[in-house]
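Just so you know, these numbers use all the heavy atoms, side chains as well, and skip hydrogens, waters and symmetry mates. Naming convention: chains lettered A, B, ... in sequence-line order (proteins, then strands); numbering from 1 in each chain.
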There are 2 protein chains.
Amino acid sequence: MSVKQKKRGRPAGSSKALSKLIILQQAKNLLAEQGKIPTLRALAAELNVDPMALYHYFANKAALLEAVTVSLLEAIYQPNPEGQWQAEVRQLCHSYLELLSRYPGLLETMLKMSTDGPAQVFIARLEQALTPLALAKVEFEPLRDLLADYLHGVALAMQCNPGGIPVGCVDAPLDLIFRGLTSR
Amino acid sequence: MSVKQKKRGRPAGSSKALSKLIILQQAKNLLAEQGKIPTLRALAAELNVDPMALYHYFANKAALLEAVTVSLLEAIYQPNPEGQWQAEVRQLCHSYLELLSRYPGLLETMLKMSTDGPAQVFIARLEQALTPLALAKVEFEPLRDLLADYLHGVALAMQCNPGGIPVGCVDAPLDLIFRGLTSR
DNA sequence: GAATTAAATCTACACTGTAGAATTTTAATT
DNA sequence: AATTAAAATTCTACAGTGTAGATTTAATTC
């Protein structure tokens, strides 16, 4: 009887073993704990469930990771539109980077997603932070692209070099960007 | 005799089937053709050789990819230190991006490498292009970090969204950076 | 000529995502 | 109440991945 064989089929009573929420929560835990995307088998083991059970809730692994990404990205810093814009942007960037580095794989998942919803979250928050500047579209867009891609590059470096790069590394480059912005 | 069984053991005469160079060349071809890192089996098949033969020349797949990376990065644009620095930097960035997007996987391989030789190539060329500005160290370093990580972010976006992003997308953000640089 | 090294193949393993079928329970329909 | 359908789960199995280890053959060295 070495390995306990679990009973097959739908569980009795109202004791559903799983739910999207539970799966996502555990996936986030493992992602943060192990610093890398868990395998479906590892995730299922943690949930005490057969790996294939996950497919009842998500079409495939990519869909699961996208759901994790959407859910996590809501948590980035919400800037105060009436604050000091430079400090607000800085805090937003730090928050974004902390998230992307605490949950490796988020970045690639986000960039590969068909819906750009998650990517828009950062951009929307950036607009909030920059409200005081009242930038025109042609001024805002290059800044947005520069900032987003720069942070993605830093996040990628962080996740290729775990623990070796602090989020503060963006401060001097951010100053450089700000300088180009204030000297219009 | 459906499948032809190749003769085992060291080949006769001076007809060595493989060499580091041949492997690297074919790896680059497949990388560019298929737009993704080939499997060792695919690479070996293209070379008409057993997959394990590759391990005679490289310790593992990562080592092979690192060799590809080192070899390819030499090819980026060599700026003229006496040219117009803005145009030189722009051309360097375009060249760097074209390389990173033509050979997906290069970026991650480079960032994960222990030796930072390959990453230094871009930085050295950037210094060349910026010679006319005679920047102090404290001015150069933020610029270097900003530019490198920004380009890596763009390259990542390109490789997550194949064919959808032209290298020219960096032009406006580059102008923004240049502005912060000329207004010292 | 014997021993060593070089260059290759073969076999086999653990790990991955996941397709497809079987099983058990609950809900819906007749 | 009986039947049918749907939901929630497990089991089995497969193809694809990198690669460890043993084996084979030929060239080189002593």
Side-chain angles (χ1 to χ4, degrees), chain A residues 1-24 26-27 30-31 34-69 104-105 108-109 112, chain B residues 1-27 30-31 34-69 104-105 108-109 112-113:
Chain A
M1 62 128 263
S2 50
V3 180
K4 56 176 164 188
Q5 195 98 325
K6 284 188 69 171
K7 197 162 101 186
R8 274 172 88 154
R10 178 170 178 164
S14 54
S15 70
K16 223 170 48 158
L18 285 179
S19 77
K20 274 199 179 196
L21 259 174
I22 292 179
I23 296 174
L24 290 179
Q26 190 62 256
L30 289 178
L31 195 50
Q34 310 187 160
K36 60 182 182 191
I37 296 177
T39 67
L40 291 181
R41 283 173 171 86
L43 176 55
E46 211 67 25
L47 292 164
N48 250 301
V49 111
D50 185 274
M52 292 310 292
L54 305 176
Y55 282 84
H56 187 69
Y57 297 89
F58 298 95
N60 48 43
K61 190 174 187 180
L64 196 165
L65 290 178
E66 291 188 7
V68 168
T69 300
E108 274 98 331
T109 303
K112 271 194 275 238
Chain B
M1 62 131 273
S2 50
V3 180
K4 58 177 165 188
Q5 193 97 324
K6 284 187 68 169
K7 198 164 100 188
R8 274 171 85 154
R10 179 172 181 164
S14 53
S15 68
K16 222 172 46 159
L18 286 179
S19 77
K20 275 199 178 194
L21 260 174
I22 292 179
I23 295 175
L24 289 180
Q25 189 52 55
Q26 189 63 256
L30 288 179
L31 195 49
Q34 310 188 159
K36 60 181 181 189
I37 296 176
T39 67
L40 291 181
R41 284 173 170 86
L43 176 54
E46 210 66 25
L47 293 164
N48 249 301
V49 112
D50 185 274
M52 291 310 290
L54 304 175
Y55 281 83
H56 188 69
Y57 296 90
F58 298 95
N60 48 45
K61 190 174 187 180
L64 196 164
L65 290 178
E66 291 188 7
V68 167
T69 300
E108 274 99 331
T109 303
K112 273 194 275 239
M113 285 178 68

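- Atom CZ of F58(B) and atom C1' of dA7(C) are 15 Å apart (whole Å).
- In this structure the side chain of I23(A) never reaches within 4.5 angstrom of the side chain of V49(A), judged on heavy atoms.
- Ranked by how close their nearest DNA chain D nucleotide is to the 5' end, A59(B) and A42(B) are led by A42(B).
- Distances from the side chain of K61(B) to the nucleotides dC11(D), dA6(D), dG18(D) place dG18(D) closest.
- Counting heavy atoms from C-beta on, the side chains of V68(B) and T109(B) never come closer than 4.5 Å.
- Nearest-nucleotide assignment on DNA chain C puts the 5′-proximal partner with S19(B), out of S19(B) and N60(A).
- At a cut-off of 3.5 angstrom, counting only N and O atoms as typed in the model, there is a donor on one side and an acceptor on the other between the side-chain of R8(A) and the base of dA22(C).
- Within 4.0 Å (heavy atoms only), A53(A) reaches at least one base atom of the nucleic acid.
- Contacts of Y57(B) with the nucleic acid, taken as non-hydrogen atoms under 4.0 Å apart, involve only primed sugar atoms and P, OP1 or OP2.
- Within a 6.0 Å sphere centred on NZ of K61(A), heavy atoms belonging to other residues, nucleotides or ligands number more than 12.
- Atom CG of L64(A) and atom P of dT18(C) are 10 Å apart (whole Å).
- Counting distance only, with no hydrogens placed and no angle test, the side-chain atoms of R10(B) and the base atoms of dT25(D) include no donor-acceptor pair under 3.5 Å.
- Residue L40(B) contributes atom CG, which lies 16 Å from atom C1' of dT9(C) at whole-angstrom precision.
- Rounded to whole Å, the distance from NZ on K6(A) to P on dT25(C) is 14 Å.
- The side chain of H56(B) contributes an N or O atom lying less than 4.0 Å from OP1 or OP2 of dA7(C).
- Of the candidates dT10(D), dA8(C), dT9(D), dT10(D) carries the atom nearest the M52(A) side chain, counting heavy atoms from C-beta on.
- The separation between D50(A) atom CG and dA19(C) atom C1' is 13 Å, rounded to whole Å.
- To the nearest angstrom, C1' of dT9(C) lies 15 Å from OH of Y55(B).
- Checking side-chain atoms of K6(A) against main-chain N and O of N48(A) turns up a donor-acceptor pair under 3.5 Å.
- Atom CD1 in I23(A) sits about 12 Å away from atom C1' in dT9(D), given to the nearest Å.
- Between P38(A) and K7(A), the residue whose closest nucleotide on DNA chain C is further toward the 5' end is P38(A).
- K20(A) places its NZ atom 14 Å from the P atom of dA7(D), with the value rounded to the nearest Å.
- Residues P38(B) and L31(B) form a side-chain contact, since some pair of their non-hydrogen atoms from C-beta on lies under 4.5 Å apart.
- Below the 3.5 angstrom threshold, one finds no donor paired with an acceptor across the side chain of R41(B) and the base of dG16(D).
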